[in-house]
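Heads up, the thing below is written out as structure tokens.
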There are 2 protein chains.
Amino acid sequence: MRINYESNRKILEEKQVRPTAMRMLIFKFLAQKQMAVTLADIETAFEKSERTTIYRTIKTFEESGIVHLIEDGSGVAKYALCEAGCNCELDSDLHLHFHCETCKETQCLTETKIPHINLPPGFTATDASLVVKGTCDKCNKK
Amino acid sequence: MRINYESNRKILEEKQVRPTAMRMLIFKFLAQKQMAVTLADIETAFEKSERTTIYRTIKTFEESGIVHLIEDGSGVAKYALCEAGCNCELDSDLHLHFHCETCKETQCLTETKIPHINLPPGFTATDASLVVKGTCDKCNKK
DNA sequence: CCAAACAATGCACTTCCATTGCAGGTTTAT
DNA sequence: ATAAACCTGCAATGGAAGTGCATTGTTTGG
């Protein structure tokens with residue numbers, strides 16, 4: 001729908017990313033997915049387009065703070081859209097990621113923040129990543 | 001020293017891993033290192049031996065609970081010895097890992113356990129991994 | 001003690017994912 | 001309109017993980 005298209009475009013522009021056709025498509029794809037996706041997932045969804053372009057698009061998104069990288073232990077990098085107003089780089093917005101061992105999907109649990117950690121003396125933290133593994137709500141219902 | 005050799009051997013045997021020469025060497029290497037190491041690190045330390053052997057040795061160690069895998073976000077798998085009596089698989093022994101962005105080393109902070117996390121309704125956890133990034137005590141002193 | 005059975009090792013090869021170089025094509029600013 | 005900056009597509013590279021198979025080493029049962 002038109003509205004959505006316009007708002008997506010606005011998000012890209014706000015982050016200083018030119019809203020090319022490819023980027024808009026990939027952004028839309030990410031927005032529709034509830035889960036974190038791999039580069040291969042995007043490739044599969046857009047068979048017509050080039051791996052490299054997708055790769056670089058995601059890199060651009062990552063550097064611009066449009067998506068954030070998630071390493072969930074599956075060995076491949078996954079990406080998910082940052083929430084509106086999210087500053088993933090900052091300590092303040094460290095949410096946790098949940099990897100379901102049944103459906104193999106990874107999602108952001110944006111409501112659940114990483115609790116404050118007391119580090120041993122001498123250590124200073126700039127970033128943290130918490131991945132919880134188990135069974136997600138959907139799979140627990142089955 | 002002899003004592004150490006014997007005690008290392010005992011550890012392997014307790015975990016049902018045959019103490020071959022190669023395995024003893026790799027175990028010793030891990031025990032001396034304070035940090036988590038990559039397969040490449042071990043390769044470099046033992047140039048004479050085969051990548052595959054090292055790879056499979058570490059796999060064996062991992063499956064037997066002698067080492068645990070750490071994914072610190074550097075993209076490559078790292079391994080560290082489990083503490084005596086550690087049961088890395090169990091919730092009870094989830095310590096945190098610290099990745100120093102200055103020296104690029106990763107270490108276990110075994111004293112610091114992962115705090116209890118309240119998951120949203122429907123989610124059940126079996127495992128968790130917390131990696132904190134920043135500057136370690138040594139690099140902060142420089 | 002010897003042979004059969006099993007486990008560990010070495011070598012070659014494959015696969016998967018990430019990344020880069022370069023040559024067009026497109027957009028933007030002057 | 002034109003140059004500069006940026007984006008895209010294609011080809012190729014690199015690094016790490018993993019597999020198959022033949023060989024060697026180790027254990028165990030007779």
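Labels below follow one simple rule: chain letters A, B, ... track the order of the sequence lines, proteins then strands, and each chain is numbered from 1.
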Salt-bridged, B/Lys59 to B/Glu62, with N to O below 4.0 Å?
yes

Electrostatic pair A/Arg9:A/Glu6 at N-O distance under 4.0 angstrom
yes

Sidechain-backbone polar pair: B/Asn140 side chain, B/Asp137 backbone, donor-acceptor under 3.5 Å
no

B/Val76 or A/Ala21, whichever maps to the more 5' nucleotide of DNA chain D
A/Ala21

Within-4.5 Å side-chain heavy-atom neighbours: B/Cys136 and B/Gln107
yes

Rounded to the Å, how far apart are B/Gln16 CD and D/dT26 C1'?
17 Å

Nearest-Å distance for atom pair CD1/P, residues B/Ile54 and D/dG18:
15 Å

Once you round it to whole Å, what is the distance between C1' of D/dC7 and CG of A/Leu25?
15 Å

Let me know the distance between CD1 of A/Ile58 and P of C/dC17, rounded to the nearest Å.
15 Å

In numerical order, the residues of residues 38-50 of chain A whose heavy atoms come under 4.0 Å of DNA chain D are A/Glu50

Interatomic distance, A/Lys15 atom NZ to A/Phe27 atom CZ [nearest 0.5 angstrom]
9.5 Å

Just how far, in rounded Å, is P of C/dA7 from CD of B/Glu13?
16 Å

Classify the ring geometry of A/His97 against A/His68: parallel below 30°, tilted from 30° to 60°, perpendicular beyond 60°.
parallel

Is it true that A/Phe61 and A/Tyr79 have ring centroids separated by less than 6.0 Å?
no

Counting only side-chain heavy atoms from C-beta out, which of D/dT8, D/dA16, C/dA8 sits nearest to B/Thr20?
C/dA8

As a quick check of understanding, evaluate side chain to side chain donor-acceptor pair (under 3.5 Å) for B/Glu71 and B/Ser129, giving each step before the final call.
CA-CA 9 Å; B/Glu71 292 150 327; B/Ser129 109; 5.3 Å; no

If you measure from CG on B/Leu81 to CD on B/Gln32, what distance do you get to the nearest 0.5 Å?
10.5 Å

Send over the distance from A/Phe27 CZ to D/dC7 P, rounded to a whole Å.
16 Å

Separation of D/dA17 P from B/Lys78 NZ (nearest whole Å)
12 Å

In B/S/- notation, 5' to 3', how is nucleotides 19-30 of chain C contacted by protein heavy atoms closer than 4.0 Å?
BBBB-----S--

